[in-house]
Amino acid sequence: MPAAILVYAALLLGSTSAVASANGDILFYCQTTNGKQVHIQQHDSNVRYRFGKNLAHPELEFTQPKTQVYQRNFTVDDNGYRAHARQMWLHNGNAHYVTTVLYLSKGTVYSLGVYHDGKDVDIPCRWRHAFENITLIDALPELPDDFEVE
């Protein structure tokens with residue numbers, strides 16, 4: 001019986017480390033306040049975007065080369081103090097999807113912006129239901145100065 005327990009434990013630990021390594025390539029994740037999810041994951045030289053209530057059957061899914069996904073770091077005013085902000089920009093057709101993380105004095109705020117046909121929508125993420133991989137995002141190319149949202 002102890003041998004069976006050891007084999008089971010080895011299998012369990014092996015699958016746990018496989019899950020951890022699979023999650024290591026997540027760039028951004030959040031649950032929105034309206035119950036949907038945003039999941040952006042890096043796969044080799046591509047980035048996959050998924051959005052919807054059920055990510056197994058997302059409402060929107062697309063993949064683009066990592067070289068066409070941009071990041072931007074900047075500062076914002078936070079009641080007279082300087083606060084840090086980080087964005088990641090993806091595009092699909094003529095729509096742009098922008099993740100924003102604001103590091104404010106009152107806490108961290110995560111959101112998803114959608115820019116399409118001259119309109120923009122800001123979708124807030126639920127507090128404590130968001131994640132960004134700073135290392136992977138900072139390795140993306142910087143948003144060009146001449147970048148224009150259509």
Side-chain angles (χ1 to χ4, degrees), residues 9 12-150:
L12 181 63
L13 287 174
S15 64
T16 302
S17 62
V19 169
S21 65
N23 287 336
D25 58 359
I26 295 173
L27 293 165
F28 183 87
Y29 171 82
C30 92
Q31 291 179 358
T32 65
T33 55
N34 66 359
K36 297 189 180 186
Q37 301 174 70
V38 179
H39 187 264
I40 303 171
Q41 192 167 16
Q42 182 175 308
H43 290 281
D44 299 322
S45 61
N46 291 312
V47 172
R48 181 173 71 169
Y49 175 99
R50 291 184 293 154
F51 175 83
K53 283 195 181 269
N54 179 353
L55 293 179
H57 304 285
E59 295 171 34
L60 175 63
E61 179 175 19
F62 64 89
T63 301
Q64 69 181 105
K66 184 171 75 169
T67 57
Q68 295 176 11
V69 177
Y70 301 106
Q71 56 88 12
R72 179 173 90 128
N73 289 288
F74 56 99
T75 58
V76 295
D77 181 57
D78 178 21
N79 294 319
Y81 296 97
R82 291 177 62 150
H84 182 76
R86 176 181 286 99
Q87 290 182 323
M88 182 173 43
W89 289 71
L90 300 96
H91 68 275
N92 184 36
N94 63 348
H96 295 274
Y97 302 88
V98 182
T99 65
T100 301
V101 181
L102 299 171
Y103 296 95
L104 303 171
S105 59
K106 64 181 178 187
T108 305
V109 178
Y110 296 81
S111 66
L112 172 69
V114 181
Y115 302 93
H116 187 274
D117 292 333
K119 300 175 187 170
D120 63 18
V121 177
D122 186 49
I123 305 167
C125 297
R126 292 178 58 204
W127 189 65
R128 293 192 179 192
H129 294 273
F131 168 80
E132 74 166 331
N133 188 323
I134 296 168
T135 304
L136 289 178
I137 292 174
D138 282 347
L140 296 170
E142 288 188 28
L143 185 71
D145 290 336
D146 60 351
F147 188 85
E148 291 186 29
V149 176
E150 301 158 5

For this session: State whether the number of non-hydrogen atoms from other residues, nucleotides or ligands found under 6.0 Å of Phe74 atom CZ is greater than 12.
Result: yes
Exercise. Which pair of heavy atoms, one from Leu90 and one from Val69, lies closest together, and at what distance?
Worked result: CG-CG1, 4.0 Å
Exercise. Can you say whether the rings of Phe62 and Tyr49 are parallel (under 30°), tilted (30 to 60°) or perpendicular (over 60°)?
Worked result: parallel
Exercise. For Asp122 and Thr100, what are the C-alpha separation, side-chain angles and deciding distance, and is it a side-chain contact (heavy atoms from CB on, under 4.5 Å)?
Worked result: CA-CA 10 Å; Asp122 186 49; Thr100 301; 5.9 Å; no
Exercise. Of all heavy-atom pairs between Phe28 and Glu132, which one has the smallest distance, and what is that distance?
Worked result: CD1-CB, 4.1 Å
Problem set entry | Donor-acceptor contact below 3.5 Å, side chain Asp78 vs main chain Ser105 | yes
For this session: Keeping the roles fixed (side chain from Gln64, backbone from His91), state whether a donor-acceptor pair exists under 3.5 Å.
Result: yes
Exercise. At their closest point, which heavy atom of Ile137 faces which heavy atom of Leu27, and how far apart are they?
Worked result: CD1-O, 3.4 Å
Seminar exercise, completed: Taken to the nearest 0.5 Å, the spacing of Arg126 CZ from Tyr110 OH works out to 14.5 Å
Problem set entry | Separation of Arg86 CZ from Met88 CE (nearest 0.5 Å) | 10.5 Å
Problem set entry | From OG1 (Thr63) to CD (Gln41), nearest 0.5 Å | 10.0 Å
Exercise. If you count the non-hydrogen atoms of other residues, nucleotides and ligands that lie under 6.0 Å from CG in Asn34, is the total more than 12?
Worked result: yes
Problem set entry | Residue Asp77 excluded, over 12 heavy atoms near CG under 6.0 Å | yes
For this session: Heavy atoms only: give me the nearest Pro124-Ser111 pair and the separation to one decimal.
Result: CA-CB, 4.2 Å
Exercise. Is the cationic atom of Arg72 (NZ for Lys, CZ for Arg) positioned less than 6.0 Å from the six-membered ring centroid of Tyr70 and within 45 degrees of its normal?
Worked result: no
Problem set entry | Nearest-0.5 Å distance that lies between atom CD in Gln68 and atom CH2 in Trp89 | 15.5 Å
Exercise. Could you give the distance from OH (Tyr97) to CD1 (Ile40), rounded to the nearest 0.5 Å?
Worked result: 11.0 Å
Problem set entry | Exercise: identify the closest heavy-atom pair between Thr108 and Tyr103 | OG1-CD2, 3.6 Å
Problem set entry | Sidechain-backbone polar pair: Arg50 side chain, Leu55 backbone, donor-acceptor under 3.5 Å | yes
Seminar exercise, completed: Smallest heavy-atom separation, Gln37 atom then Lys53 atom, equals NE2-O, 3.1 Å
For this session: Output, in order, the C-alpha distance, side-chain angles, deciding distance and verdict of side-chain contact (heavy atoms from CB on, under 4.5 Å) for Gln71 and Asn73.
Result: CA-CA 7 Å; Gln71 56 88 12; Asn73 289 288; 3.0 Å; yes
For this session: Could you walk me through whether Leu112 and Ile123 pass side-chain contact (heavy atoms from CB on, under 4.5 Å), step by step?
Result: CA-CA 5 Å; Leu112 172 69; Ile123 305 167; 4.2 Å; yes
Seminar exercise, completed: In this structure, NE2 of His43 is separated from CZ of Arg48 (nearest 0.5 Å) by 4.0 Å
Problem set entry | Stepwise side-chain contact (heavy atoms from CB on, under 4.5 Å) test for His116 and His96 | CA-CA 7 Å; His116 187 274; His96 295 274; over 6 Å; no
